[in-house]
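Heads up, the thing below is written out as structure tokens.
In what follows, every chain begins at residue 1, and chains take the letters A, B, ... in the order their sequences are listed.
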Amino acid sequence: MATRMKLKTPGDYLLRRDVCSYGYFLLAPNHWDPRSGVFSRVCTLGDGPALVEVAQEKAGGELAVKVGRALLKEEKKELTVQLTRMLRLDEDASTLREFHASDPRFAGIGRGRLFRSPTLFEDVIKTVTSCNVTWPNTVNMNRRICEVLGDAVEVKGGKRHGFPSATKLARTRPATLRARCRVGYRDARIVELAKLFTLPKSRGGIDVGWMEDPATPDEPLYEALIDLPGIGPYAAANILQLLGRYHRLPCDTESVRHGKAVLGMTGSSAQIMKKIHEHFAPMGRHAFRSYWFELWEFYEKKHGPSWTWERDSTGKMFTAAELNKK
DNA sequence: GGTAGACCTGGACGC
DNA sequence: GCGTCCAGGTCTACC
């Protein structure tokens, strides 16, 4: 028996805009259907995996959540926590207003929330799978990780898989990850990260509560992230933004392309990255959102609104060759 | 502290 | 269709 729930949203919430706001909405197990405007994925809950579908009838209205099976009371709470994190339903309205005041370009369309994963663990692994690869490869890695290791639920016409838990990935052999999920040299790093997420803090494990706590100072958090296996300056800055801290820019080759093509910057890659940091520095704690939505606007000019993008055809949209086309 | 090279996969390109 | 080159961020060794 299916479960139906309603989720309250902030008054300005727009599902299609706020889901299709960061590339992770295109990565398995997430799925956005451009035709129906329904977001779905398999969520891992206390009693096992469940297919979850989220729709919104009108802008600013509540979210209608349909779950493929009956949920225990505790699972309903668990799912609410996961959806709230993923969809940024608890985004502080005052900081959103502050962002729009400092960068009015995005006030009119209300952009400000950035889609993320239901757990920090999934965000960290997704970040690792996006390093040193082209976007189509990141898409494939996430699809394979879910298909090979994620819990599955039966749906009409096949199966849908969730994202594997830290416990499951911690028990996976690196060779399996490499051979079946095609993660390459990231294999051991992913398993090591998963182990750190399963260990208690007293034994050197990751203190997720401390990392998620808005009261935790930025710099010690950045230092803790950069100490993790497979996490360098780019990945640490990206995880910071996924944790809601937007002061630091995760600069990569895509930033350099943007600096050259859109901002008219010249010089070596290192010089352009420095210029990009300087360019967005006046935005202070909103720097990343200002940078990101400018980049996102460039993608949308090329390919139409992000909520019309099909997951299975976006791979080629974000290759260097395609993005460098005039 | 700064730099060079290895890591691995898949897209692009030439034949 | 096949082979080769190259892009991509992190890590380690070395200066």
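- Around the CZ atom of A/R173, the shell of radius 6.0 Å holds no more than 12 heavy atoms that belong to other residues, nucleotides or ligands.
- Two rings, from A/W307 and A/W296, have their centers 6.0 Å or more apart.
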Pull out every protein N or O sitting under 3.5 Å from an N or O of nucleotides 2-4 of chain B, one pair per line with the distance.
none

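- A salt bridge is defined here as a Lys NZ or Arg NE, NH1 or NH2 lying under 4.0 Å from an Asp or Glu carboxylate O, and A/E297 with A/R105 fails to meet this definition.
- In this structure, A/E57 places its CD atom where only 12 or fewer heavy-atom neighbours from other residues, nucleotides or ligands lie under 6.0 Å away.
- Remark: C1' of B/dT9 and CD1 of A/I190 are 13 Å apart, rounded to the nearest angstrom.
- In this structure, CG on A/D103 lies 3.5 Å from OG on A/S290, to the nearest 0.5 angstrom.
- Rounded to an integer number of Å, the gap from A/N140 CG to B/dT9 P is 13 Å.
- Here the CG atom belonging to A/L240 is positioned 6.5 Å from the CZ atom belonging to A/R248, to the nearest 0.5 angstrom.
- When each of A/T127, A/D252, A/D123 is tested with A/N238 by the rule side chain to side chain donor-acceptor pair (under 3.5 Å), just one qualifies, namely A/T127.
- For the pair A/R111 and A/F106, the cation-pi test (distance below 6.0 Å, angle within 45°) is failed.
- Annotation: proximity of residues 168-184 of chain A to DNA chain C (heavy atom, distance under 4.0 Å) is found for no residue.
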**Prompt:** Does the pair A/Y24 and A/F115 meet the rule for a ring pair (Phe, Tyr, Trp, His ring centres under 6.0 Å), with working shown?
**Reply:** CA-CA 7 Å; A/Y24 289 5; A/F115 180 84; 8.0 Å; no

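- Going from atom CE of A/M141 over to atom C1' of B/dC7 covers 12 Å, rounded to whole Å.
- Rounded to an integer number of Å, the gap from A/N137 CG to B/dA12 P is 12 Å.
- In this structure, A/E154 CD and A/K159 NZ are separated by 5.5 Å, a value rounded to the nearest 0.5 Å.
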**Message:** Can you build the contact string for nucleotides 9-15 of chain C? Use B for base contact, S for sugar-phosphate-only contact, and - for no protein heavy atom under 4.0 Å.
**Reply:** BSS----

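- For the pair A/R144 and B/dG10, the criterion of a side-chain N or O lying under 4.0 Å from OP1 or OP2 is met.
- In the displayed structure, A/K275 atom NZ is contacted under 6.0 Å by more than 12 heavy atoms of other residues, nucleotides or ligands.
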